[in-house]
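Proteins come first, then strands; the chains are lettered A, B, ... in the order of their sequence lines, and each starts at number 1.
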There are 2 protein chains.
Amino acid sequence: MPQPFEIPTLSLTVDCVVFGLDAEQEDLKILLIQRAIPPFEGKWALPGGFVRPGEAIEQAAFRELKEETGLEKVYLEQLFTFGDPRRDPRARIVTVAYYALVNLNEHTLKATTDARSAAWFSVNDVPELAFDHARIVEVALKRLKGKLRYEPIGFELLPKKFTMPQLQTLYELVLERRLDRRNFRKKILGMGLLVELDEVKQDSVGRAAKLYQFDERKYRKLKQRGFNFEV
Amino acid sequence: MPQPFEIPTLSLTVDCVVFGLDAEQEDLKILLIQRAIPPFEGKWALPGGFVRPGEAIEQAAFRELKEETGLEKVYLEQLFTFGDPRRDPRARIVTVAYYALVNLNEHTLKATTDARSAAWFSVNDVPELAFDHARIVEVALKRLKGKLRYEPIGFELLPKKFTMPQLQTLYELVLERRLDRRNFRKKILGMGLLVELDEVKQDSVGRAAKLYQFDERKYRKLKQRGFNFEV
DNA sequence: CCAAAAGTGTTGGGACTACACCCATGA
DNA sequence: TCATGGGTGTAGTCCCAACACTTTTGG
């Protein structure tokens, strides 16, 4: 490759769409951060920041998540790379977007040390966002919808021990359609990937629901043998 | 965002895994380019190059494809962004990988103007590749396999007019398993997305096969109404 | 005992699998 | 007329969708 031109450079950031399930309110939410400086000062934006020299991209995503929200050890997956030359008014900045799945009720947001506030917003009520972040959220939602049916990632949004109605509500929220309770149960239990616990979850009214746990180890074994998760 | 550090910069490239179907030899191939300069001089590598200032990433992928292989107007989709700090021995270079689908028999490779040679290799017989390109090919193959069943992208690998056995062979090659001829036909024709032409394809021996064409317009309409392609 | 939510089986229809013979064509 | 590959139908099975009543629990 003879290079008759300077090797061009640019800056690279990561941005994370953090999905959290609010089991109490039966609502799917995303985590946003209010920008403290221009551009888009005061606007809400995805948590993220610059990839440092010598730092792997995914590592940068984990680091920014921890720094800006306190979240650690979450499920994280690369989503898409956005590089429109005009997506950042300051300079040419390309961003590698990730999406993360967390259980909202088990994680409390860290006190924001740097005067930036973080907050959860319903995916149905996202405020105006900085940069092209609205587009990124759109792509993330589409990916989540598509992937939920073919990979057992939904469990990442629930507590370790969860009930069948919780799992079903999650699927109904993300896929945006009602599911038959009996058929859903049969389908899920039929895969043999849940272990039934000797506990129930009791909140307020109604009959107590059995608790289940996802059997990660068993899933991996079955997957190797050609099994495909599908709801 | 107060920035106590310099905004870091790096270089961004695109790399393309170009899949081509060799209908005659019943073989799935990828297009490689032999490097003329270090690093990895003489080694085979994916076509690609630097993203220029002010250039959209996808645009860069199209440009490099045209410059290095003469291919134009091909199906192109972003695959994954690879950014291991040590993936390029010279410097920190992040690459956005794409995959492309072309009909190998309809495209002749352009005479290589810049002394670099391009050639098709069977996916089952890929030579040692430069950088982390072997990994990129691996990810691309996995994506192609996964996507072929749920999106009508297989047609991109065939000529506009194709026969049912050609289509079936394509699926068998990519999915790496045999399919029942009668069931395959039923499934495909049952979706009502192919128009049967009043022509047949005759090569050498055996009964002539009917030619079909994919109805792109009809597919888009059905998709809007919630239809899902699946083989 | 009442309200609220969890849990449970059966049946009909559509889709998938498996499978073997005839047809058209060129040599 | 023969060799080669293309085209076709049916029967059994499995999976999915539809659907209503009983059980448990707290108040």
Novice: Would you tabulate the nitrogen or oxygen pairs shorter than 3.5 Å linking the protein to nucleotides 6-9 of chain C?
Specialist:
from: C/dA6; atom 1: N7; to: A/R181; atom 2: NH1; distance (Å): 3.1
from: C/dA6; atom 1: N3; to: A/R207; atom 2: NH1; distance (Å): 3.4
from: C/dG7; atom 1: OP1; to: A/K210; atom 2: N; distance (Å): 2.8
from: C/dG7; atom 1: OP2; to: A/R185; atom 2: NH1; distance (Å): 3.1
from: C/dG7; atom 1: OP2; to: A/R185; atom 2: NH2; distance (Å): 3.4
from: C/dG7; atom 1: O5'; to: A/R185; atom 2: NH2; distance (Å): 3.4
from: C/dG7; atom 1: O6; to: A/R181; atom 2: NH2; distance (Å): 2.8
from: C/dT8; atom 1: OP1; to: A/K210; atom 2: NZ; distance (Å): 3.4
from: C/dT8; atom 1: OP2; to: A/R185; atom 2: NE; distance (Å): 3.4

Novice: For residues 144-161 of chain A, which residues have at least one heavy atom under 4.0 Å from DNA chain D?
Specialist: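 By residue number: none to list.
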Novice: How far does CG of B/L101 sit from CG of B/L76, to the nearest 0.5 angstrom?
Specialist: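 B/L101 CG to B/L76 CG: 9.0 Å, rounded to 0.5 Å.
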Novice: Provide the start and end nucleotides, 5' to 3', of the part of DNA chain D that has atoms under 4.0 Å from heavy atoms of chain B.
Specialist: D/dT4 to D/dT10
Novice: Could you pull out all residues at least two apart from B/D180 that satisfy side-chain hydrogen bond (donor to acceptor under 3.5 Å, both in side chains)?
Specialist: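 Residues passing side-chain hydrogen bond (donor to acceptor under 3.5 Å, both in side chains) with B/D180: B/N183.
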Novice: Is there a side-chain contact between A/L71 and A/K66 in this structure, where contact means two heavy atoms from C-beta onward sitting under 4.5 Å apart?
Specialist: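 When only atoms from C-beta onward are counted, A/K66 and A/L71 do not touch, as no gap falls below 4.5 Å.
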Novice: Among residues 222-231 of chain B, which contact DNA chain D at a heavy-atom distance under 4.0 Å?
Specialist: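 Per residue number, the list is empty: none.
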Novice: How long is the line joining NZ of B/K187 and P of C/dA15, in whole Å?
Specialist: 10 Å
Novice: Using ring-ring contact (aromatic ring centres under 6.0 Å, His included) as the criterion, list what pairs up with A/F82, not counting sequence neighbours.
Specialist: A/F80
Novice: In chain order, what residues pass the side-chain contact (heavy atoms from CB on, under 4.5 Å) check against B/A56, with sequence neighbours excluded?
Specialist: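 Checked B/A56 against side-chain contact (heavy atoms from CB on, under 4.5 Å); matches are A/P85, B/Q59.
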Novice: Quick test of your reading: applying salt bridge (Lys or Arg N to Asp or Glu O under 4.0 Å), list the pairs with at least one residue in residues 158-168 of chain B, sequence neighbours left out, ordered by first then second residue.
Specialist: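 Pairs touching residues 158-168 of chain B that pass the test: B/K161-B/E199.
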Novice: Among all residues two or more places apart in sequence or in another chain, which pass the ring-ring contact (aromatic ring centres under 6.0 Å, His included) test with B/F227?
Specialist: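 If we apply the ring-ring contact (aromatic ring centres under 6.0 Å, His included) test to B/F227, skipping adjacent residues, there are no hits.
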Novice: Should we count CD of B/E216 as having more than 12 external heavy atoms under 6.0 Å?
Specialist: yes
Novice: According to the side-chain hydrogen bond (donor to acceptor under 3.5 Å, both in side chains) rule, which pairs have a member within residues 137-158 of chain A, sequence neighbours left out?
Specialist: A/E77-A/K147, A/R135-A/E138, A/K145-A/E176
Novice: State which residues pass ring-ring contact (aromatic ring centres under 6.0 Å, His included) with B/F162; sequence neighbours excluded, sorted by chain then number.
Specialist: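 B/F155.
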Novice: With sequence neighbours excluded, give me every ring-ring contact (aromatic ring centres under 6.0 Å, His included) pair touching residues 174-210 of chain B.
Specialist: B/Y171-B/F184
Novice: How about A/E230: does its CD atom have over 12 heavy atoms from other parts shown lying under 6.0 Å from it?
Specialist: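 Result for CD/A/E230: enclosed.
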